[in-house]
K.L.:
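Structure in structure tokens, see below.
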Amino acid sequence: MAETRTKTPEPWLDPHAQAYIRVENVTKRFGTFVAVNNVTLKVFKGEIFCLLGGSGCGKTTLLRMLAGFEQPSSGAVYIDGQDMAGIPPYERPVNMMFQSYALFPHMSVAGNVAFGLEQEKIKREEINRRVAEILDIVKLGEYAKRKPHQLSGGQRQRVALARALVKRPKLLLLDEPLGALDRKLREHTQFELLSIQEKLGVTFVVVTHDQEEAMTLSSRVGVMNRGEIVQVGTPRQIYEFPASRFVADFIGSVNLFEGQLTEDEQDHVRVKCEELNAPVYVDHGMSAPPLALCWVAVRPEKIVLERERPASSDNWAHGTIHDIAYLGDMTVFLVKLDSGRQVRVTQANRTRKPEEQFVWDEAVYLSWDASSPVVGMG
Amino acid sequence: MIGGRKFFVPTMLAFGFAFLYVPILSMMFYSFNYSKLVTVWDHANSPTLKWYGLLFHNGRIMGAAWLSIKIATMNACISVVLGTLAGLVLARFGRFRGRTILAAMTTAPLVMPEVITGLAMLLLFVSMEQLIGWPAGRGVTTITIAHVTFSMAYVTVIIQSRLANFDDSLEEAAMDLGARPAKVFWRITLPLIMPAIVSGWLLAFTLSWDDVVISQFVAGPSSTTLPMVIFSKVRLGVSPDVNALATIMVLIVATGVVLSAIVMQRQEKRRAREMQLAASD
């Protein structure tokens with residue numbers, strides 16, 4: 001995994017790199033409802049780009065505009081430098097894997113996979129060869145003669161993938177590819193998707209509402225909210241450096257505090273939060289007017305629980321443990337601060353020593369590193 | 001209570017069936033009667049197939065039967081084409097100007113009294129003949145046209161309801177794989193709605209096969225359909241060969257209806273099973 005990531009260059013950091021897909025100021029209206037609002041986006045060759053957002057955020061509409069099922073109300077979509085305006089789905093160098101898989105129920109697995117090739121002028125032997133080849137890649141060779149309803153969910157998903165890949169598209173669109181699979185199968189399929197993508201060098205654009213799916217699959221994530229793209233970045237950037245309160249709140253779980261900037265220096269800021277016992281000290285600067293209102297986000301896993309009061313004068317709070325959820329690998333604590341505010345803290349269960357376990361109603365100190373909090377305005 | 005139900009339910013069921021089927025069964029029964037008097041059972045010579053034999057040597061009846069089959073077949077084929085087109089337009093083309101009117105108008109013949117449809121058709125054909133000279137006289141053509149107008153309404157309803165729970169993404173997937181819209185229709189849509197088309201065809205055939213009112217209005221002197229022959233024979237007094245004829249017609253119609261029901265039910269079962277499988281995975 002880590003290896004594939006380092007092998008992949010990061011074309012979005014190169015100002016001269018040519019984007020494979022360019023979405024420029026695209027807006028899509030349905031009547032008075034704006035589904036996609038002035039979206040501009042670049043996706044590079046070989047990327048796995050995830051559009052992540054809640055239901056109704058416009059991610060599927062954006063995907064359907066790439067596939068050609070919808071036309072933008074305004075703006076332009078370029079794929080491989082070609083303007084896609086007015087080009088119907090059957091003439092685009094794009095294939096899509098549908099959320100429902102949309103397998104043709106009256107055709108066998110091989111028939112489904114061959115359908116796309118039959119639309120081109122390809123000889124029958126060539127079609128049969130390529131169908132067999134792709135079915136081998138998705139490990140469905142022996143199921144070629146079955147009908148879709150004789151397959152399990154995971155097998156159907158792979159048929160849908162094979163059918164979309166057999167035409168060797170330069171760009172594959174995937175609509176909630178793992179949505180219908182159970183947890184075990186999802187993890188397995190995720191890694192299979194990655195290895196297939198690597199083997200065939202296809203560019204993927206994935207739509208999902210599942211952040212875990214987005215995190216593990218993608219080279220970059222575009223977070224969408226109400227028809228707009230609110231942040232684009234690597235999974236790590238999105239998680240550790242959310243650009244807005246929405247992204248911080250949407251990705252993973254987070255403790256958000258309202259506060260006021262009291263110190264804003266080149267190398268640090270200090271925020272006074274009513275709900276915390278001590279000021280929040282962050283070891284990077286930001287530029288904001290003095291005493292401006294701001295928000296501070298601290299991830300649950302970045303908070304440390306202690307019985308002793310921390311030595312530092314910053315970055316701590318005091319409270320009692322209100323609730324404990326033991327999950328095996330880690331434990332989730334809900335801590336009620338002195339201010340009455342509840343804070344979520346997760347701790348890895350590193351040892352089995354009973355004296356290290358916290359119990360209900362125990363008084364604890366919360367602290368975190370100065371690099372952990374994210375501060376933002378608005 | 002349980003005992004009461006044990007007795008009550010089967011009794012009511014028997015009464016219900018008797019109410020529906022005793023008339024038909026008695027007609028079938030008397031079709032095997034030897035006597036010329038319909039309701040007098042001739043113990044000596046019955047049951048007999050005499051009237052069935054006579055039927056097949058009656059040129060007028062056999063001619064009318066052949067004509068009815070021809071008209072019903074043509075009607076079924078034309079109705080299926082038009083009804084499928086109308087059903088497709090209503091189910092697929094979204095909201096266009098005049099859609100509501102089209103939806104109401106295509107299904108209106110379902111509730112229109114047949115006498116009115118028949119009369120209106122007759123007036124139309126007569127004035128068309130005066131204006132453009134077509135259709136020249138009344139006959140097979142006019143009967144077929146008149147039957148299509150009401151049969152296609154039934155086909156439209158069947159096709160439309162089948163398309164209503166048709167997964168649109170199947171057509172989109174086919175298009176995404178490079179198939180043009182016409183190809184998508186022939187390779188994907190048509191095979192998947194075929195069961196509805198078949199049952200629509202059978203229904204249209206049956207509707208035309210036993211129609212007498214509308215045919216009465218638009219038929220010409222040389223084009224008498226089978227139900228019309230029966231009707232005219234009964235008017236001159238019930239003759240036993242009508243019983244035999246009616247029995248055969250009932251069997252044909254019943255076969256058609258049962259076939260269409262089986263086709264629909266099979267399709268339904270398969271869909272349910274596929275859905276269940278999909279849900280269990």
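Residue numbering restarts at 1 for every chain, and letters A, B, ... go by the order of the sequence lines. Side chains included, hydrogens not; waters and symmetry mates left out as well; all remaining heavy atoms used.
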K.L.:
At a heavy-atom distance under 4.5 Å, which candidate from B:Met175, B:Glu171, B:Lys183 has the highest pair count against chain A?
P.N.:
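Most pairs with chain A among the choices: B:Met175.
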K.L.:
Who passes salt bridge (Lys or Arg N to Asp or Glu O under 4.0 Å) against A:Asp83, sequence neighbours left out?
P.N.:
none
K.L.:
Considering non-hydrogen atoms only, spot the tightest contact between A:Lys167 and B:Leu177 and give its length.
P.N.:
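Shortest heavy-atom separation between A:Lys167 and B:Leu177 comes out as NZ-O, 2.7 Å.
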K.L.:
Could you pull out the closest heavy-atom pair between A:Pro105 and B:Leu192, with the gap in Å?
P.N.:
CG-CD2, 3.5 Å
K.L.:
Answer with side chain, backbone, both or neither: which region of A:Glu91 has an atom nearer than 4.5 Å to a non-hydrogen atom of chain B?
P.N.:
side chain
K.L.:
Is the number of heavy atoms from other residues, nucleotides or ligands under 6.0 Å of B:Met128 CE greater than 12?
P.N.:
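Result for CE/B:Met128: enclosed.
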K.L.:
Quick one: does B:Asp176's side chain get under 4.5 Å of A:Met97's, heavy atoms only?
P.N.:
no
K.L.:
For a quick test of reading the model, state the closest non-hydrogen atom pair linking B:Gly178 to A:Gln119 and the distance between them.
P.N.:
O-CB, 3.6 Å
K.L.:
Does CZ belonging to B:Phe19 count more than 12 external heavy atoms closer than 6.0 Å?
P.N.:
no
K.L.:
Check side-chain hydrogen bond (donor to acceptor under 3.5 Å, both in side chains) between A:Glu70 and all other residues, then give those that pass, not counting sequence neighbours.
P.N.:
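For A:Glu70, the residues satisfying side-chain hydrogen bond (donor to acceptor under 3.5 Å, both in side chains) (neighbours in sequence not counted) are A:Arg64.
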K.L.:
So which residues of residues 128-146 of chain A are in contact with chain B at a heavy-atom cut-off of under 4.5 Å?
P.N.:
none
K.L.:
Could you pull out all residues at least two apart from B:Arg187 that satisfy side-chain hydrogen bond (donor to acceptor under 3.5 Å, both in side chains)?
P.N.:
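Testing B:Arg187 for side-chain hydrogen bond (donor to acceptor under 3.5 Å, both in side chains), a comparison that skips the adjacent residues, returns A:Glu118.
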K.L.:
Kindly check if the number of other-residue, nucleotide or ligand heavy atoms within 6.0 Å of CD (A:Gln71) is above 12?
P.N.:
yes
K.L.:
Do other residues, nucleotides or ligands put more than 12 heavy atoms under 6.0 Å from B:Leu13 CG?
P.N.:
yes
K.L.:
More than 12 heavy atoms of other residues, nucleotides or ligands under 6.0 Å from NZ of A:Lys28: yes or no?
P.N.:
yes
K.L.:
Could you look at A:Leu117 and say if it's the side chain, the backbone, both or neither that has a heavy atom under 4.5 Å from chain B?
P.N.:
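Answer is neither: A:Leu117 stays 4.5 Å or more from chain B.
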K.L.:
Can you name the nearest heavy-atom pair linking B:Glu172 to A:Phe69, along with the distance?
P.N.:
O-CZ, 3.3 Å
K.L.:
If you count every heavy atom of other residues, nucleotides or ligands that lies below 6.0 Å from B:Arg266 atom CZ, does the total exceed 12?
P.N.:
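Result for CZ/B:Arg266: open.
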K.L.:
B:Ile188 versus chain A, heavy atoms under 4.5 Å apart: side chain, backbone, both or neither?
P.N.:
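Contact with chain A involves both backbone and side-chain atoms of B:Ile188.
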K.L.:
Heavy-atom count check: over 12 atoms from other residues, nucleotides or ligands less than 6.0 Å from B:Phe17 CZ?
P.N.:
no
K.L.:
Report yes if the side chains of A:Phe98 and B:Asp167 come closer than 4.5 Å at any heavy-atom pair, otherwise no.
P.N.:
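A side-chain contact is absent here, since even the closest heavy-atom pair is not under 4.5 Å.
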K.L.:
Let's test your reading of the structure: which of A:Gln99, A:Met107, A:Arg92 forms the most heavy-atom pairs below 4.5 Å with chain B?
P.N.:
A:Met107
